[in-house]
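None of the values given here were measured: they were computed from a predicted structure. Naming convention: chains lettered A, B, ... in sequence-line order (proteins, then strands); numbering from 1 in each chain.
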2 protein chains.
Amino acid sequence: MTALPIHRKSPSVALSERGQLLFKLLVERYIADGEPVGSRTLARDSRLDLSPATIRNVMADLEDLGLIRSPHTSAGRVPTAPGYRLFVDTMMAVREPTATDIERMNADIASQTDLGVLLARTSNMLSEITKLASIVMVPRPDHQSLRQVEFLPLSDNRVLAILVVNEREVQNRIIHTARSYGASELEQAANYLNQAFAGREIDQVREGLVREMANTRAEMDRMMQTAIEMAEKTFVSSRAGDEFVVTGHTNLMAIDELSNIEKLRQVFEAFNQKRDILHLLDQAIGASGVQIFIGEESGYEVLSDYSVVTSTYGTGGRNLGVLGVIGPTRMAYSRVVPLVDLTARMLGAALKSLT
Amino acid sequence: MTALPIHRKSPSVALSERGQLLFKLLVERYIADGEPVGSRTLARDSRLDLSPATIRNVMADLEDLGLIRSPHTSAGRVPTAPGYRLFVDTMMAVREPTATDIERMNADIASQTDLGVLLARTSNMLSEITKLASIVMVPRPDHQSLRQVEFLPLSDNRVLAILVVNEREVQNRIIHTARSYGASELEQAANYLNQAFAGREIDQVREGLVREMANTRAEMDRMMQTAIEMAEKTFVSSRAGDEFVVTGHTNLMAIDELSNIEKLRQVFEAFNQKRDILHLLDQAIGASGVQIFIGEESGYEVLSDYSVVTSTYGTGGRNLGVLGVIGPTRMAYSRVVPLVDLTARMLGAALKSLT
DNA sequence: TCTAGCACTCTACCCTTGGGAGTGCAAAGC
DNA sequence: GCTTTGCACTCCCAAGGGTAGAGTGCTAGA
């Protein structure tokens with residue numbers, strides 16, 4: 001076989017060209033098979049026409065650099081977290097999603113009109129195609145602009161408030177009031193609020209009300225009083241907390257061939273204790289584009305054998321949220337990364353057309 | 001020891017009094033330990049002062065009756081599905097929930113105001129206390145009475161419809177229209193609908209509209225046209241499909257000591273393919289009160305090693321939905337059954353105070 | 001009708017064993 | 001100086017065999 005011109009030493013970086021090649025092959029092989037890769041296998045895989053012994057020497061170097069390790073004395077080598085990191089950063093060849101996948105995803109996502117359903121479907125689809133667990137964090141509206149508000153009296157001094165924010169999202173809250181209000185009273189209050197504050201940020205609404213109160217204090221008529229009272233209770237501490245959609249847990253069970261059930265349980269538990277996962281996703285929302293957290297990098301011990309691939313999504317220039325997948329560190333990054341990217345873009349587009 | 005008066009034959013039923021006693025002990029023991037119960041153990045447990053050999057004879061009878069079986073030649077006996085059935089039907093002594101459990105549940109459930117949160121919390125709580133997976137099916141409103149409707153124009157010939165039904169529930173839908181409508185136009189249409197149909201069943205609204213159309217066909221003014229057009233699209237095929245909340249998957253993983261991971265995966269998968277589970281819950285909603293499905297009784301093969309304990313819940317006389325738990329057939333029925341019952345009643349009460 | 005005794009069966013566990021895979025090292029080859 | 005060969009060594013894993021424990025069914029005797 002044509003030996004490559006391998007004698008050119010790579011200048012300062014510790015890794016020779018040959019080392020890189022073999023390392024790349026090793027990672028790819030391990031991702032494909034899931035079993036430690038030995039020198040003989042690697043010798044066959046590479047077209048370098050080198051004996052296993054030579055490969056062994058290179059592998060020893062790679063091990064010294066902390067890129068690979070052997071699970072035990074006489075097993076092959078597997079990539080370490082830093083190894084995966086190097087791989088995805090400098091040598092991964094992304095495999096574009098197949099036309100089928102794109103088609104399938106498009107059909108499913110584009111047709112959704114309800115925000116909740118859209119997110120759920122997106123998560124589902126991503127999970128099915130990647131065969132991993134998928135997370136979609138719902139858009140966190142940094143500013144909510146009020147479009148319309150309605151009040152409906154319920155029994156027992158309670159009022160149902162319906163807010164339409166950001167042009168299309170509907171929120172509703174039950175508020176407890178000191179006395180009971182009549183329907184017409186509430187209607188007037190809502191009318192006033194709609195006229196005075198429609199199109200304004202919710203935060204501003206609260207401020208505006210306070211100002212209003214100061215100005216008109218004495219000569220406030222009854223309607224105004226009602227309006228202010230209602231609005232105060234309605235707009236206080238809105239944010240119900242970030243939510244996210246998780247689908248495809250079960251895919252993790254299928255993959256984890258070691259089926260370390262206790263570990264798996266802990267990961268699932270983490271999904272439920274949503275707060276933990278949220279923090280991870282928060283890290284991701286800062287930078288736009290695809291981000292990869294390998295093993296311990298995520299900062300969560302339970303995820304030490306798992307990697308997380310995330311991408312922000314949004315419309316235009318704004319990041320609305322984060323989505324991604326969780327799977328074993330040896331997931332097929334070259335396939336998963338473009339898929340996550342694609343999904344994020346599609347969701348962004350779908351959201352845009354929804355507005 | 002004081003031998004019980006066991007010589008009285010039970011009349012026609014195939015099971016002697018002694019057989020019943022020993023069977024009950026066996027089931028309780030197996031539920032507690034999870035391991036096949038042998039004749040020696042049972043001899044010690046019972047205060048009957050009988051030798052293991054005698055117990056063996058009884059056990060052989062019980063096996064002939066199909067109430068118990070041995071996993072293999074020289075293992076003890078475990079209850080069969082019919083065995084559990086007999087146990088829960090005729091000999092189970094319910095253990096009332098502890099004051100702590102009641103207190104805890106009450107605190108958590110009673111304080112909720114949002115329907116979605118209430119259901120989620122209920123499910124969570126039930127799952128935590130029973131240490132099983134819990135399902136709460138959301139109330140299926142067999143009749144939805146319309147309280148109020150609002151329309152908001154969006155871009156691209158789409159209109160956001162907001163429905164308030166059943167006094168407090170808010171639904172919103174995006175509908176696509178042939179042409180674009182102005183805000184005032186839509187407002188008039190909503191006003192008309194609200195006046196004409198508030199308080200009526202949604203089904204009736206549709207019917208009423210059709211009648212209206214027939215009557216006024218020719219002299220329909222523009223406002224009416226708009227109203228009818230909007231309403232048609234809004235009220236068609238409303239039912240977004242029954243939803244339910246599942247929590248505590250992870251508890252199943254902890255219990256299934258055999259950790260037959262593939263089986264577990266199938267069960268989880270079934271949770272995701274919600275339709276399957278729904279059908280099971282549908283069976284339960286017919287009869288009110290607690291129902292127990294043991295193993296294959298549920299009609300789902302994947303659930304063959306699991307039992308489902310459900311109860312309907314509702315306010316006043318009406319059944320609104322079903323909740324329950326899923327766990328191994330050897331769950332502690334005597335504890336779980338009253339807990340499911342209690343939860344159902346508490347949820348019913350919470351819903352009542354919410355309306 | 002109950003009990004004691006006994007032979008039998010099956011599982012779970014431990015230990016050993018041998019093969020296979022892979023390594024590391026030293027010496028020989030190009 | 002890099003590469004290869006040869007070899008001893010390590011470790012895992014699966015298979016086999018032996019043993020103890022638990023429990024059974026059956027039969028004969030109280």
Produce a footprint string for nucleotides 13-30 of chain C: one letter per nucleotide, 5' end first; B if the base is under 4.0 Å from any protein heavy atom, S if only the sugar-phosphate is, - if neither. --------BBBB------

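A:T80 contributes a side-chain N or O that, together with a main-chain N or O of A:L67, makes up a donor-acceptor pair within less than 3.5 Å. Judged by distance alone, with hydrogens and angles left aside, the side-chain atoms of A:T247 form a donor-acceptor pair with the main-chain N or O of A:S123 at under 3.5 Å. Judged purely by atom type and a 3.5 angstrom limit, A:R85 uses its side chain to pair as donor or acceptor with the backbone of A:I292.
B:D61 places its CG atom 11 Å from the P atom of C:dC2, with the value rounded to the nearest Å. Rounded to whole Å, the distance from CD1 on B:I55 to P on C:dA4 is 12 Å. Between B:L42 atom CG and D:dG23 atom P the separation is 11 Å, expressed in whole Å. When rounded to the nearest whole Å, the span between NE2 of B:H72 and P of C:dT9 equals 15 Å. When the P atom of D:dT5 is taken as reference, atom CG of A:D49 falls 10 Å away, rounded to whole Å. Taking atom CG of residue B:L48 and atom P of nucleotide C:dC2, one finds them 11 Å apart after rounding to whole Å. In this structure, the CD atom of B:E35 is 9 Å from the P atom of D:dG23, given to the nearest Å.
For A:S51, taking side-chain heavy atoms from C-beta onward, the closest of the listed nucleotides D:dT4, D:dC12, C:dC10 is D:dT4.
Screening residues 64-78 of chain B for salt bridge (Lys or Arg N to Asp or Glu O under 4.0 Å), with sequence neighbours left out, gives B:E63-B:R77.
Side-chain N/O atoms of A:S134 and A:S127 include no donor and acceptor closer than 3.5 Å.
Considering only side-chain N and O atoms, A:R18 lies under 4.0 angstrom from the phosphate OP1 or OP2 of D:dT3.
For A:R29, the salt bridge (Lys or Arg N to Asp or Glu O under 4.0 Å) partners at least two apart in sequence or on another chain are A:D33, A:D45.
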